[in-house]
There are 4 protein chains.
Amino acid sequence: MTLKLATSDGRSLRAEQKRSERREAIVRAAEIVFARRGFHDASISDVIDAAGISRGTFYLYFESKEALFVHLIERFVSFITDAMLVVDPTQPEPARRIFENVERVVDMAFDHPDLTQVVLRENRGRNPELDEQLDRLYEFLRVMVEGALKNGAQNGITRAVNEPVVATALIGAFKEVFLAHLAGASLRAADRATLAAALFELSVRGLFVGA
Amino acid sequence: MTLKLATSDGRSLRAEQKRSERREAIVRAAEIVFARRGFHDASISDVIDAAGISRGTFYLYFESKEALFVHLIERFVSFITDAMLVVDPTQPEPARRIFENVERVVDMAFDHPDLTQVVLRENRGRNPELDEQLDRLYEFLRVMVEGALKNGAQNGITRAVNEPVVATALIGAFKEVFLAHLAGASLRAADRATLAAALFELSVRGLFVGA
Amino acid sequence: MTLKLATSDGRSLRAEQKRSERREAIVRAAEIVFARRGFHDASISDVIDAAGISRGTFYLYFESKEALFVHLIERFVSFITDAMLVVDPTQPEPARRIFENVERVVDMAFDHPDLTQVVLRENRGRNPELDEQLDRLYEFLRVMVEGALKNGAQNGITRAVNEPVVATALIGAFKEVFLAHLAGASLRAADRATLAAALFELSVRGLFVGA
Amino acid sequence: MTLKLATSDGRSLRAEQKRSERREAIVRAAEIVFARRGFHDASISDVIDAAGISRGTFYLYFESKEALFVHLIERFVSFITDAMLVVDPTQPEPARRIFENVERVVDMAFDHPDLTQVVLRENRGRNPELDEQLDRLYEFLRVMVEGALKNGAQNGITRAVNEPVVATALIGAFKEVFLAHLAGASLRAADRATLAAALFELSVRGLFVGA
DNA sequence: GATGAATGAGGATTCATTCAT
DNA sequence: CATGAATGAATCCTCATTCAT
């Protein structure tokens with residue numbers, strides 16, 4: 001039995017790896033397919049064709065179409081979590097730190113355009129399970145941004161604002177700009193620096209001249 | 001009865017009115033149903049059940065499900081066009097005029113919550129005809145906001161910014177806030193004044209203290 | 001009451017005439033519409049649009065779509081009955097009489113192209129009531145042709161043949177030629193004389209040289 | 001089991017065969033259903049009920065209802081192509097060869113009564129794609145018959161006739177006789193020999209005594 | 001593990017006919 | 001008589017998921 005376990009370990013390791021690779025292949029295929037046709041419009045057939053697997057195999061790796069989308073959201077969350085670093089107010093040049101955060105978020109959108117498009121494009125209202133996941137995604141983002149706003153206000157960097165509303169607004173601003181660049185026509189040609197600069201300017205300086 | 005005989009208009013007028021009323025009833029029912037379940041997830045059955053009409057009657061008033069959605073977009077456009085007034089820079093207190101504009105847009109969202117939710121929630125990618133309509137809606141909004149930005153910059157009211165990006169960002173900011181209030185959980189309790197104030201503050205003053 | 005009857009007569013006469021005219025208008029419109037789109041593919045809407053009447057009015061003149069078709073069949077039967085004259089074998093030149101019959105039938109098809117097309121195009125299998133009418137039409141034609149064949153055989157003009165089969169075959173020959181001319185592409189340019197001559201030749205002389 | 005392991009072909013071969021069998025079962029069911037109710041009047045439900053398969057399965061084997069009909073036409077074409085052999089005029093007894101051709105065509109109609117009925121019954125005017133297929137069928141038949149007529153005339157076997165018209169007429173004659181036997185009431189009891197003899201007689205000898 | 005044939009609920013749309021005005 | 005708004009049964013097709021091989 002120990003032998004069997006040992007062997008089993010060896011085998012399961014290789015098997016585990018192969019399984020992981022295949023899962024990744026499905027995910028990558030799904031990103032492309034969903035980005036092109038939208039999550040709801042794309043069918044499982046589209047995904048398995050792109051991934052080069054059979055119908056049944058898909059369900060060996062993901063419980064359902066929704067489960068695949070949940071995985072994509074989690075993937076997106078992990079990327080954006082990496083991008084949004086907490087700004088330490090005791091460090092010098094907080095504005096620069098914030099700008100670097102904006103840059104990293106923009107970078108993430110440019111580095112994972114399909115994933116970003118797929119996740120940001122999707123809205124609530126289609127599937128309760130999915131809605132919950134999206135709620136959690138936006139809740140997560142809002143909490144992070146709200147935290148930054150509170151932190152900034154406490155340390156005298158940012159003005160006191162209605163944090164929930166402003167956090168939501170900022171998320172919407174970034175989201176719309178990313179989608180206009182990735183999926184739409186209007187900002188398709190924009191580059192990272194331009195988007196980052198414009199988003200930073202609007203966020204921190206606002207529109208008024210004297211303000 | 002004399003009146004009834006007086007004009008054959010009498011009959012067609014009443015008929016016209018009844019037709020108009022019924023069409024309105026369908027539209028209202030659709031707004032509610034689509035707001036609750038999303039346009040694509042809601043079926044014609046849901047709409048006709050809510051409107052209390054039969055299957056065939058629906059197609060007497062709208063050519064298709066898509067045509068109904070197009071009508072909702074047009075309705076939304078007409079409301080938002082009424083709300084967004086061009087700010088005359090020669091008038092005193094331009095900031096106040098802009099704030100009033102923000103207020104009116106917020107009012108529109110509060111006055112037509114279902115319609116706003118339905119239209120703002122929908123994304124491109126399901127139906128080419130519908131995508132085009134949505135493109136036109138956002139193009140329209142962007143052009144209006146870009147125009148305001150250019151106008152403000154020329155008259156020394158607002159700072160010079162990357163207008164396409166900032167316009168897109170502002171639209172996204174308002175959109176996300178409205179959806180969070182109407183469809184989501186986070187801003188459900190917010191009132192008009194709060195949202196208007198927060199959106200105005202972010203837009204025109206930005207976040208920085210000194211800025 | 002007598003007075004009322006008198007008046008009623010006067011009125012009903014005019015009314016009767018108007019009714020008759022309107023019925024004719026519907027029938028003519030139906031011929032054109034059914035010829036263009038086929039009976040089953042054409043809708044009542046198509047007919048009433050072409051006739052310039054309202055939906056309900058149609059049902060004042062015809063009980064149903066099928067009843068209208070039955071009327072067209074009857075109209076066709078009356079025309080073809082006029083065309084197919086019994087050939088008196090005691091008269092000289094029976095071949096010439098037969099040829100004149102063929103000519104008259106061809107003339108009928110050319111004089112009422114829409115009606116001919118509509119009636120000949122339709123096949124059994126869609127509607128029991130309609131099937132019965134078509135059965136009666138073809139039964140009627142077959143009986144006439146069979147009669148002619150028997151008559152000809154008895155009088156030594158035509159050869160003895162399997163009358164039911166040959167009658168059916170002749171009907172099919174004429175029908176296919178008319179449809180190819182009226183609805184199809186292959187014989188569209190053919191003229192009356194050509195069709196009449198070819199049909200006569202085949203029918204009476206057959207194909208063989210010596211025969 | 002060794003066999004099973006021997007070739008991976010084994011599985012795909014059996015699968016291929018099963019697929020083929022099922023497709024055949026659908027086709028046979030469709031022939032019966034369409035013969036009974038007509039192609040347009042029969043619904044997919046009728047076909048799948050008769051074939052004992054589910055709704056979705058049908059679409060695994062045929063792209064659409066029309067595609068199924070196209071398949072039936074092709075099937076019919078292949079049968080009739082086999083039946084109509086080109087008569088070599090250098091061979092003795094050309095009349096006998098022609099008669100054998102007629103016999104083979106009649107045999108085909110008797111051997112595939114449902115298919116023959118379905119294909120011959122259908123008329124143009126319902127579906128553009130389908131119309132084209134029917135046009136091609138009749139074009140094909142006409143070309144074959146016209147060729148035979150020209151061939152016969154050149155070799156002094158048949159008389160010179162207006163080939164397009166006579167070919168059309170002959171097709172109509174056979175068609176009507178087959179339908180009267182298969183779908184109608186009048187020739188239901190007729191046997192192969194009778195129909196073949198009568199059709200041959202009419203075609204080659206015509207009706208006139210002396211002729 | 002991998003496969004892909006089979007499933008069947010669900011959706012948008014059409015159209016002959018009725019009937020209140 | 002004439003109208004035309006209202007009806008609702010009926011139809012074709014899609015696609016996420018299952019399961020025997």
Side-chain angles (χ1 to χ4, degrees), chain A residues 11 15 18-19 22 40-48 53-68 127, chain B residues 4 8 10-12 14-16 18-19 22-23 40-48 52-68 127, chain C residues 11 15 18-19 22 40-48 53-68 127, chain D residues 4 8 10-12 14-16 18-19 22-23 40-48 52-68 127:
Chain A
R11 190 193 283 168
K18 198 182 167 192
R19 183 176 168 77
R22 202 152 211 188
H40 285 108
D41 209 32
S43 68
I44 291 289
S45 293
D46 295 327
V47 175
I48 65 175
I53 58 169
S54 80
R55 213 162 199 73
T57 302
F58 174 83
Y59 287 91
L60 251 33
Y61 289 88
F62 289 97
E63 216 178 22
S64 65
K65 201 187 174 194
E66 270 78 29
L68 173 55
N127 184 303
Chain B
K4 206 175 169 184
S8 72
R11 198 144 97 194
S12 69
R14 261 243 327 251
E16 191 67 29
K18 200 179 168 189
R19 180 175 171 76
R22 196 140 216 197
R23 200 177 150 96
H40 286 109
D41 209 32
S43 69
I44 291 289
S45 292
D46 295 327
V47 175
I48 65 176
I53 58 170
S54 81
R55 214 154 204 78
T57 301
F58 173 82
Y59 288 92
L60 245 39
Y61 290 88
F62 290 97
E63 217 177 24
S64 66
K65 203 190 171 193
E66 271 76 30
L68 172 55
N127 183 306
Chain C
R11 191 194 281 170
K18 198 181 170 191
R19 182 175 170 79
R22 200 150 212 189
H40 286 108
D41 211 30
S43 68
I44 292 289
S45 293
D46 295 327
V47 175
I48 65 174
I53 58 169
S54 81
R55 211 158 201 77
T57 301
F58 174 82
Y59 287 90
L60 252 34
Y61 289 88
F62 289 97
E63 216 179 22
S64 66
K65 201 188 172 194
E66 271 77 29
L68 172 55
N127 183 304
Chain D
K4 206 176 170 183
S8 71
R11 198 145 96 195
S12 70
R14 262 241 328 250
E16 192 67 29
K18 200 179 167 191
R19 182 177 170 76
R22 195 139 216 197
R23 201 177 149 97
H40 286 109
D41 209 32
S43 69
I44 292 288
S45 292
D46 295 328
V47 175
I48 65 176
I53 58 169
S54 79
R55 213 156 205 77
T57 301
F58 173 82
Y59 289 93
L60 244 41
Y61 290 88
F62 289 97
E63 217 178 24
S64 65
K65 202 188 172 194
E66 271 78 27
L68 172 55
N127 184 306

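Chain naming here is simple, since letters A, B, ... match the order of the sequence lines and numbering starts at 1 in each. These numbers come from a predicted model, not from an experiment.
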For [X] and [N], what is the distance between atoms [atom1] and [atom2] respectively, to the nearest whole Å?
{"X": "Ile44(D)", "N": "dA10(F)", "atom1": "CD1", "atom2": "C1'", "result": "14 Å"}
{"X": "Asp41(D)", "N": "dA10(F)", "atom1": "CG", "atom2": "C1'", "result": "11 Å"}
{"X": "Arg19(B)", "N": "dA6(F)", "atom1": "CZ", "atom2": "C1'", "result": "12 Å"}
{"X": "Arg22(D)", "N": "dT7(E)", "atom1": "CZ", "atom2": "C1'", "result": "10 Å"}
{"X": "Ile48(D)", "N": "dA6(E)", "atom1": "CD1", "atom2": "C1'", "result": "12 Å"}
{"X": "His40(C)", "N": "dT14(E)", "atom1": "NE2", "atom2": "P", "result": "19 Å"}
{"X": "Asp46(C)", "N": "dT14(E)", "atom1": "CG", "atom2": "C1'", "result": "12 Å"}
{"X": "Phe58(B)", "N": "dA5(F)", "atom1": "CZ", "atom2": "P", "result": "16 Å"}

Counting just side-chain N and O atoms, does [X] come under 4.0 Å of either OP1 or OP2 of [N]?
{"X": "Tyr61(A)", "N": "dA2(E)", "answer": "yes"}
{"X": "Tyr59(B)", "N": "dT7(F)", "answer": "no"}
{"X": "Thr57(B)", "N": "dT7(F)", "answer": "yes"}

Validation: residues 54-61 of chain A side-chain donor-acceptor distances under 3.5 Å, sequence neighbours left out:
| residue | atom | partner | partner atom | Å |
| --- | --- | --- | --- | --- |
| Ser54(A) | OG | Thr57(A) | N | 3.4 |
| Ser54(A) | OG | Thr57(A) | OG1 | 2.9 |
| Arg55(A) | NH1 | Ser45(A) | OG | 3.2 |
| Arg55(A) | NH2 | Ser45(A) | OG | 2.9 |

ask   = Reckon Ala42(B) touches a base, only the sugar-phosphate, or nothing at all at heavy-atom distances under 4.0 Å?
value =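 Sugar-phosphate contact only - Ala42(B) comes under 4.0 Å of backbone atoms but never of a base.
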
inquiry  = At 4.0 Å (heavy atoms only), tell me whether Ser54(D) reaches a base, stays on the sugar-phosphate, or touches nothing.
reply    =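 Counting heavy atoms under 4.0 Å across all strands, the contact made by Ser54(D) includes a base.
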
Earlier contact from the 5' end, DNA chain F, for Ser45(A) and Arg55(D) =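 In this pair, the answer is Arg55(D).
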
ask   = Between Glu66(A) and Leu60(C), who's closer to the 5' end of DNA chain F by nearest nucleotide?
value =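 The residue whose closest nucleotide sits nearer the 5' end is Leu60(C).
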
ask   = When the nearest nucleotide of DNA chain E is assigned to Lys65(B) and to Lys18(D) on a heavy-atom basis, which residue is associated with the more 5' position?
value =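 Mapping each residue to its closest nucleotide by heavy atoms, the 5'-most match is Lys18(D).
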
request  = Using heavy atoms to find the nearest nucleotide of DNA chain E for Glu63(B) and Gly52(D) separately, return the residue whose nucleotide is more 5′.
outcome  =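 Closer to the 5' end of DNA chain E: Gly52(D).
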
request  = Check every atom of dT3(F), dC12(F), dT7(F) against the side chain of Ile53(B) and return the nucleotide holding the closest atom.
outcome  =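 Of dT3(F), dC12(F), dT7(F), dT7(F) is nearest to the side chain of Ile53(B).
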
message = Stem finding on DNA chain F, please: runs of three or more consecutive Watson-Crick or G-U wobble pairs, both distances under 3.5 Å, sorted by first number.
response =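 Stem list for DNA chain F: E:2-21 with F:2-21.
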
message = Using 0.5 Å steps for rounding, measure from the CG atom of Asp46(B) to the CG atom of Asp41(B).
response =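 Atom-to-atom, Asp46(B):CG and Asp41(B):CG are 8.5 Å apart.
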
ask   = Which pair of non-hydrogen atoms, one from His40(C) and one from Lys65(C), has the smallest distance, and what is that distance?
value =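 Shortest heavy-atom separation between His40(C) and Lys65(C) comes out as O-NZ, 3.5 Å.
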
